[in-house]
Amino acid sequence: MALGSDEKHVYVSSNAADSSEEARTTGIETAHPSSHGVFKRFLKKMELKSSDSERLSNEDMDPVPWERRTWRWYNLAIYWISDAFAPGGWRGASSLMEIGLSWRLSLLNIAIANIIMAVVITLNSHPGAHYHVCFPVFSRVPFGFWFSYVMVFMRMITGIFWYGINTYTGAECVRTVLFAIWPSFRTLKNTLPESANITTNFMISWFIYFLLCIPVHLIKIENTRWYFLFKTCLTPICGFAIVGWIAHKMHGMPGENIFSEGSTVSGSKLTWAFMSALYSNMGGSSTYATNASDYSRYTRKEYSILFQLVALPFSNILMAVLGVVGAAGSKKIYGEILWDPLLLIDNWTSRGGRAAAAFCGIAFLVAQIGQNISANSVAAANDLNCIFPKYINIRRGQIIVAFLGAWALTPWNILTSATAFLSFMSGYSIWLSSIAGILFSDYWLVHKRKYDVYELYNPKGIYLYNKWGFNWRALVAFTVGWVPLLPGFINAINSNIYVVEGMIRLYYLGFFYGFGASSLVYYGLCYFFPQPETYIEHEVLPPGKPIASDGIEAEEYIVGLEGGEYGVDEKKMN
């Protein structure tokens, strides 16, 4: 064993006496192997070959190279269509009608929410399409290199939590399939105590769903477009098949019950119920407002993101319509309103009905796995990748998220008893909306889309702002965006805590206020107190399409950046 000049090396002999004697003659310390040493060797083995300690990055955090930019405009459109066609989308109008809105107002609410969010998501996905970097990287510009890690951590917690909650729905899909294939599974004896808050058959379904997710998590992000395509082909068939069955069963579309009912509240109560529902629907998409670039970074053409403006609201509205029709039909057929499509198809117990239920259950299962990946696991994995770039890439991150979300959080306990915690996480968008507003303001208004992609990976570069690495302007804007919403948020968690009506109503305007206030305050502070070194004359992009050997196929060429690792991507001049 070679010895360093300024360090002591330790080893262990199989014979303690020989070891002591050798230690006396050589002066080398003896010690038993410690857990610390084992852990260091483990970490060494887990290091990513592509990690760069100076740039705090790895292959998955770097700008996506040309060969991995495989997404086209239709892939992004399919992504959003597939996301909508899931059990959650089917239930979209149910909560709105439960608070007193008519089915017409419920669908209008969903339409407005999704149109607005489509615009926000498209705007915040442009940095990914233009610079081919993910949210944790480009967030360093507005927040500062080190303060951005706080935002990344906040989004990571959200992703892990909602991964677990969506796992519950995924397990319900598996249970529906098992009910259809093996009817005796319905009556499987429960061997778990009541305090477990989960039954034996549901735990089996949970474990199967978890195992089915793991292989999908291992798919490279640029290749998940094929999974979303498969999902888009499968799940709409299932949705229309259920509605078709209802129409056949009733010899026409249901025209009574839900369709004939109006709003159960009126006046100002109706107005604020509508605004509360709008906030809820927009808040549910607030995670997408921050993680949009996690997928748009894999596109080759910037205009691809524009198709989200149509695909996102159209698919969500259509799925909500199917849910309303399904609920109206279930009331007529079974005597009760079944907003959950899984509960509806669980009633198909004939031989042919069970075959159809199995097919629909599989379709919803495929949909739920895809939705959990697109909305939660990839985003949280990118965040873990940013925090631990030396050891975690997107694949490893997704596996960690899966174990933490599906098992460590024990979501079945949360959904059964922790209603306050659920309310807390549902209102989490008061922070995410502020983050989204600052991202929008910095990229479009302050820096006018001019970033230096090399400096995004420089811990001592122009986006450090100060020795602590945080932009105080973003901190102030972020605080202004969420603090006034806090009283209404507290009341939403615990209605026994008195809060004046005005603060509750401000909370109902949460996304509008959080996004608008934070973006305007941030712009104003940057206008009056600019950070000159962060304003660059020309954008610095990552390398584009490689130059063909004959020079004919290349649409873009690379101009080297002196002292940098990336190049400027410019259009070829004719």
Side-chain angles (χ1 to χ4, degrees), residues 95-96 99 109-110 112-114 116-117 119-121 123-124 135 139 142-143 147-148 150-159 161-162 165 268-291 379 418-442 470-525:
S95 59
L96 280 64
I99 64 173
N109 193 289
I110 291 171
I112 294 174
N114 280 281
I116 294 174
M117 291 310 300
V119 174
V120 174
I121 288 169
L123 289 171
N124 277 350
F135 158 76
S139 65
F143 292 102
F147 185 49
S148 68
V150 177
M151 306 297 118
V152 168
F153 182 80
M154 290 178 66
R155 192 188 72 157
M156 181 190 71
I157 295 299
T158 309
F161 171 82
W162 286 116
I165 299 303
S268 62
K269 288 186 177 180
L270 176 61
T271 301
W272 288 108
F274 187 89
M275 293 307 301
S276 172
L278 189 64
Y279 166 69
S280 178
N281 279 314
M282 295 177 66
S285 300
S286 60
T287 53
Y288 291 114
T290 58
N291 71 5
T419 54
F421 187 65
L422 277 172
S423 299
F424 173 83
M425 293 306 300
S426 296
Y428 207 79
S429 59
I430 67 172
W431 288 282
L432 295 181
S433 60
S434 298
I435 295 174
I438 293 171
L439 294 176
F440 159 78
S441 183
D442 184 87
F470 84 95
N471 181 5
W472 65 267
R473 304 157 191 83
L475 176 61
V476 172
F478 178 66
T479 304
V480 171
W482 69 266
V483 168
L485 300 175
L486 192 59
F489 176 59
I490 293 173
N491 179 262
I493 297 174
N494 186 353
S495 58
N496 294 323
I497 299 177
Y498 174 76
V499 175
V500 296
E501 188 68 21
M503 301 307 294
I504 295 176
R505 290 181 174 180
L506 179 63
Y507 176 69
Y508 292 160
L509 300 174
F511 192 91
F512 294 102
Y513 173 82
F515 185 91
S518 60
S519 60
L520 288 175
V521 169
Y522 180 78
Y523 175 76
L525 290 174

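Below, all heavy atoms of this structure are taken into account, side chains as well, without hydrogens, waters or symmetry copies.
- The shortest heavy-atom contact between Ala474 and Pro142 is CB-O, 3.2 Å.
- Taking all atoms of both residues into account, the shortest heavy-atom contact from Val499 to Gly488 is CG1-N, 4.3 Å.
- Between the OG atom in Ser441 and the CG atom in Leu123 there is a gap of 12.0 Å [rounded to 0.5 Å].
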Go through Ile165 and Trp162 one step at a time and tell me if the side chain to side chain contact (heavy atoms under 4.5 Å, CB included) criterion holds. CA-CA 5 Å; Ile165 299 303; Trp162 286 116; 3.7 Å; yes

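- In plain terms, the two heavy atoms of Leu525 and Arg473 that are nearest each other are CD1-O, 3.6 Å.
- Within the model, atoms CD1 of Ile116 and CD1 of Ile121 stand 11.5 Å from one another, a figure rounded to the nearest 0.5 Å.
- The shortest side-chain heavy-atom distance between Phe143 and Asp442 does not fall under the 4.5 Å cut-off.
- In summary, of the residues considered (Tyr507, Phe489, Trp272), a ring-ring contact (aromatic ring centres under 6.0 Å, His included) with Tyr279 occurs for Tyr507 alone.
- When side chains are defined from C-beta on, Val480 counts as touching Tyr513, because their heavy atoms get closer than 4.5 Å.
- Of the inter-residue distances, the one linking Ile504 atom CD1 with Tyr508 atom OH reads 6.0 Å to the nearest 0.5 angstrom.
- Taking the side chain as every heavy atom from C-beta outward, Phe147 and Asn471 never approach each other to under 4.5 Å.
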Stepwise side chain to side chain contact (heavy atoms under 4.5 Å, CB included) check, Leu432 with Phe511: CA-CA 9 Å; Leu432 295 181; Phe511 192 91; over 6 Å; no

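- Taking CE from Met275 and CZ from Phe512, the interatomic distance works out to 5.0 Å, rounded to the nearest 0.5 Å.
- Distance alone, capped at 3.5 Å, is enough to place a donor-acceptor pair between the Ser518 side chain and the Gly514 backbone.
- Two residues are said to be in side-chain contact when any heavy atoms from C-beta on lie closer than 4.5 Å; Asn124 and Phe440 meet this criterion.
- Aromatic ring orientation, Trp482 versus Phe478: tilted (interplanar angle from 30° to 60°).
- Looking only at distances, a side-chain donor or acceptor of Ser434 sits under 3.5 Å from a matching main-chain atom of Ile430.
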Let's go through Tyr288 and Met117 carefully: what are the C-alpha distance in whole Å and the side-chain angles of both, what is the deciding distance for side chain to side chain contact (heavy atoms under 4.5 Å, CB included) to 0.1 Å, and is it a yes or a no? CA-CA 9 Å; Tyr288 291 114; Met117 291 310 300; over 6 Å; no

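- The side-chain heavy atoms of Leu439 and Phe135, taken from C-beta on, include a pair separated by under 4.5 Å.
- Atoms CG and CD1, from Asn491 and Ile497 in turn, are 7.5 Å apart once rounded to the nearest 0.5 Å.
- Between Pro487 and Met503, the closest heavy-atom pair is CG-CE, 3.8 Å.
- Of all heavy-atom pairs spanning Asn281 and Ala113, the tightest one is CB-CB, 3.6 Å.
- Among all heavy-atom pairs drawn from Arg155 and Ala379, the shortest one is NH2-O, 3.0 Å.
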Chi angles and distances behind the side chain to side chain contact (heavy atoms under 4.5 Å, CB included) call for Thr158, Thr290: CA-CA 11 Å; Thr158 309; Thr290 58; over 6 Å; no

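- Rounded to the nearest 0.5 Å, atoms CD1 (Ile438) and CZ (Phe515) are 10.5 Å apart.
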